[in-house]
Amino acid sequence: MSMTAKRRLHDIYQLTDFEKAVKRYLPKAVYEYVRNGAGVELSLRRNRAIFQRYLWRPYRLRDVSSLNTKITLFGEEYAQPFGLAPTGGAAMTRYDADRIEAAAARRHNLFYALSANSLTPLEEIIRINPRAWFAAYLPSDLGVIDGMIDRVQKAGYPVLLITCDVPVPAQRIAETRAGYSMPIRPNLRATMGGILNPGWTFGTLGRTILRDRNPKIVNIRPQGGPGLFSNEIAAVGGSPHFTWDHIRHIRRRWKGKLILKGILRPEDAEEAARIGVDGIGISDHGARLLDSTVSPLEVLPEIRKAARDMSVVIDSGFRCGGDVLKAMALGADAVMLGRPFLQACALAGSAGLDKAVSILSTEVNRDLALLGVTDLASLDASLLRDLGTMSFAERAPETT
């Protein structure tokens, strides 16, 4: 570990510390892009507050000297019940972030999903991490859909995750006010942020441009995608015409495991089950799309019931081991975390991710023992006291 990484990680004790620390090293525009949520950020705050609804009822005087935190997900065994969520724009926070995250997940035996909104060709990532998942943003054009499925299948990805909650672009005010934009356009606020953060300007943006000349979103279309400075970038992403009919088409063509991410209603989980989808991702996209939505954790039990034999993965708002275990007790098979790992990578690269994984793994093991259970299969709703629907006045302090 470099001296710089040691210095930056010196006072990191929990995942929320990464956000406070990385604020000093990222331009405000990039920092806000990672941190902010949609609208007035009601859902962003509530995604954290919802964990207060559930309190533990631990067992006592049980032998917890031997613990098992392994999970099996889509036929693969992983060391912990959490993994790295797909995070678009990761390479804007640290040079080569996509490769760093993929390697860290393999090193720690965690599951990991590469976002289609990434700068590193998906064919390179699968060589770094042969068990990586691919998280796609697909249009309604069947030719493009088929081309992407064939490309991902040819590369050897075992799991295709369809991001199904972005029919239109979201509005996130904080990042816009800070000067963040796609396509990238010079503006006073963003320029000042670059000047005030030369480490990022030269170490991340500069190195990326020197290597790639015209960095592109290379995994959004079968033959690549538009550059970060191109107006064409506004046309990529989801589509208002993308429907269940497209999911049926994808299910027929895609031979591997299929996940739908962005589900918040049991009826949608039931439809996915009828189509033959393998997994459900309960998610509000980290509160980055539609404000005032239900929090994924509070709808987990009803969606778990509707999902039948499908695997259920959940994200949005998870920040500690106790959060992960609460989701497991309520029926999740695994938890994905986005911002904390992205912030850890931005702060200190591989060393930052190693620290984040160590913190979260230690918390999962410690909390499991303190609950009086030795394995994840023993977690169920009887370990929780549900305080009922929370009023917004009872929310936690405004954290992300």
Side-chain angles (χ1 to χ4, degrees), residues 15 34-39 41-51 73-74 81-90 110-118 133-138 159-170 172 237-238 242 244 247 257-273 277-307 310-319 323-324 326-328 330-342 400:
L15 294 189
V34 175
R35 181 212 65 80
N36 78 159
E41 301 186 348
L42 175 76
S43 288
L44 186 66
R45 295 189 294 273
R46 198 167 185 278
N47 277 354
R48 287 299 305 132
I50 195 65
F51 288 97
L73 193 60
F74 303 118
F82 60 83
L84 283 68
T87 48
L110 305 175
F111 63 92
Y112 159 81
L114 172 70
S115 172
N117 287 322
S118 49
W133 306 352
F134 182 73
Y137 285 79
L138 295 174
V159 177
L160 176 63
L161 185 154
I162 303 296
T163 308
C164 61
D165 54 3
V166 194
V168 296
R172 294 187 290 270
F242 191 79
W244 285 107
I247 300 300
K257 300 297 184 181
L258 181 64
I259 307 175
L260 299 188
K261 178 176 174 289
I263 300 299
L264 289 173
R265 295 185 64 93
E267 301 97 319
D268 287 339
E270 290 169 354
E271 182 63 16
V277 171
D278 300 290
I280 288 296
I282 305 177
S283 171
D284 70 354
H285 215 100
R288 295 171 65 81
L289 298 177
L290 175 66
D291 206 6
S292 297
T293 60
V294 292
S295 293
L297 190 74
E298 65 186 319
V299 296
L300 169 57
E302 59 185 304
I303 293 180
R304 169 71 275 177
K305 184 177 180 181
M310 291 185 293
S311 296
V312 173
V313 182
I314 187 171
D315 65 50
S316 302
F318 290 83
R319 294 295 182 272
D323 295 346
V324 172
K326 284 180 181 180
M328 302 293 287
L330 291 171
D333 294 299
V335 172
M336 292 191 291
L337 292 90
R339 287 184 183 93
F341 288 131
L342 190 58
T400 57

Report summary line: Taking every heavy atom of Asp284 against every heavy atom of Thr293, the minimum-distance pair comes out as OD2-OG1, 3.6 Å
Requested in this report: Decide side chain to side chain contact (heavy atoms under 4.5 Å, CB included) for Leu337 and Leu15; before the verdict, give the C-alpha distance in whole Å, the side-chain angles of both, and the deciding distance to 0.1 Å.
Outcome: CA-CA 11 Å; Leu337 292 90; Leu15 294 189; 3.9 Å; yes
Query raised in the report: So which heavy atom on Gly83 is nearest to which on Leu110, and how close?
Result: CA-CB, 4.5 Å
**Report entry** Close side-chain approach of Ile314 and Ile303, heavy atoms under 4.5 Å
**Finding:** no
Report summary line: Taken in chain and number order and not counting sequence neighbours, the residues that satisfy ring-ring contact (aromatic ring centres under 6.0 Å, His included) with Phe111 are Tyr78, Trp133
Query raised in the report: Arg48 versus Asp323: any side-chain heavy-atom pair under 4.5 Å?
Result: yes
Query raised in the report: Quick one: are Trp244 and Leu260 in side-chain contact, heavy atoms under 4.5 Å?
Result: yes
Query raised in the report: Between atom NZ of Lys326 and atom CZ of Phe318, what is the distance when rounded to the nearest 0.5 Å?
Result: 10.5 Å
Report task. Identify the heavy atoms of Ala306 and Ala269 that sit nearest to each other, and give their distance. Result -> CB-CB, 4.1 Å
Report task. Determine, for Arg304 against Asp333, whether the closest basic-nitrogen to carboxylate-oxygen distance falls under 4.0 angstrom. Result -> yes
Report summary line: CG (Leu258) and CZ (Phe74) are apart, to the nearest 0.5 Å, by 9.0 Å
Report summary line: Nearest heavy-atom approach of Gly286 to Arg339 is O-NH2, 2.9 Å
Query raised in the report: Can you find a heavy atom in the side chain of Tyr112 that is under 4.5 Å from one in the side chain of Phe341?
Result: no
Query - Minimum side-chain heavy-atom gap Thr163-His285 below 4.5 Å - result: yes
Report summary line: Note: Val312 and Gly331 closest approach over all heavy atoms is CB-O, 4.4 Å
**Report entry** Verdict with supporting geometry, Ile282 and Leu264, side chain to side chain contact (heavy atoms under 4.5 Å, CB included)
**Finding:** CA-CA 6 Å; Ile282 305 177; Leu264 289 173; 4.2 Å; yes
Query - Ser115 side chain near Thr87 side chain, heavy-atom distance below 4.5 Å - result: no
**Report entry** Electrostatic pair Glu271-Arg265, nearest N-O below 4.0 angstrom
**Finding:** no
**Report entry** Set of residues satisfying side-chain hydrogen bond (donor to acceptor under 3.5 Å, both in side chains) with respect to Ser118, sequence neighbours excluded
**Finding:** Asn219
**Report entry** Chi angles and distances behind the side chain to side chain contact (heavy atoms under 4.5 Å, CB included) call for Arg288, Asn36
**Finding:** CA-CA 7 Å; Arg288 295 171 65 81; Asn36 78 159; 3.8 Å; yes
**Report entry** Short side-chain to backbone donor-acceptor contact, Asp291 and Leu42, under 3.5 Å
**Finding:** yes
Query raised in the report: Is any side-chain heavy atom of Pro296 closer than 4.5 Å to a side-chain heavy atom of Asn47?
Result: yes
Report task. Could you tell me the separation between the CD1 atom of Ile50 and the CD atom of Glu298, rounded to the nearest 0.5 Å? Result -> 4.0 Å
Query raised in the report: What is the distance from atom CG of Leu84 to atom CE of Met336, rounded to the nearest 0.5 Å?
Result: 10.5 Å
Requested in this report: Evaluate the side-chain proximity of Cys164 to Ile263: yes if any heavy-atom separation is below 4.5 Å, no if none is.
Outcome: yes
**Report entry** Over all atoms of both residues, closest heavy-atom pair of Ile280 and Met310
**Finding:** CG1-CE, 3.6 Å
Query - Atom pair CG (Asp165) and OH (Tyr137), whose distance is rounded to the nearest 0.5 Å - result: 7.0 Å
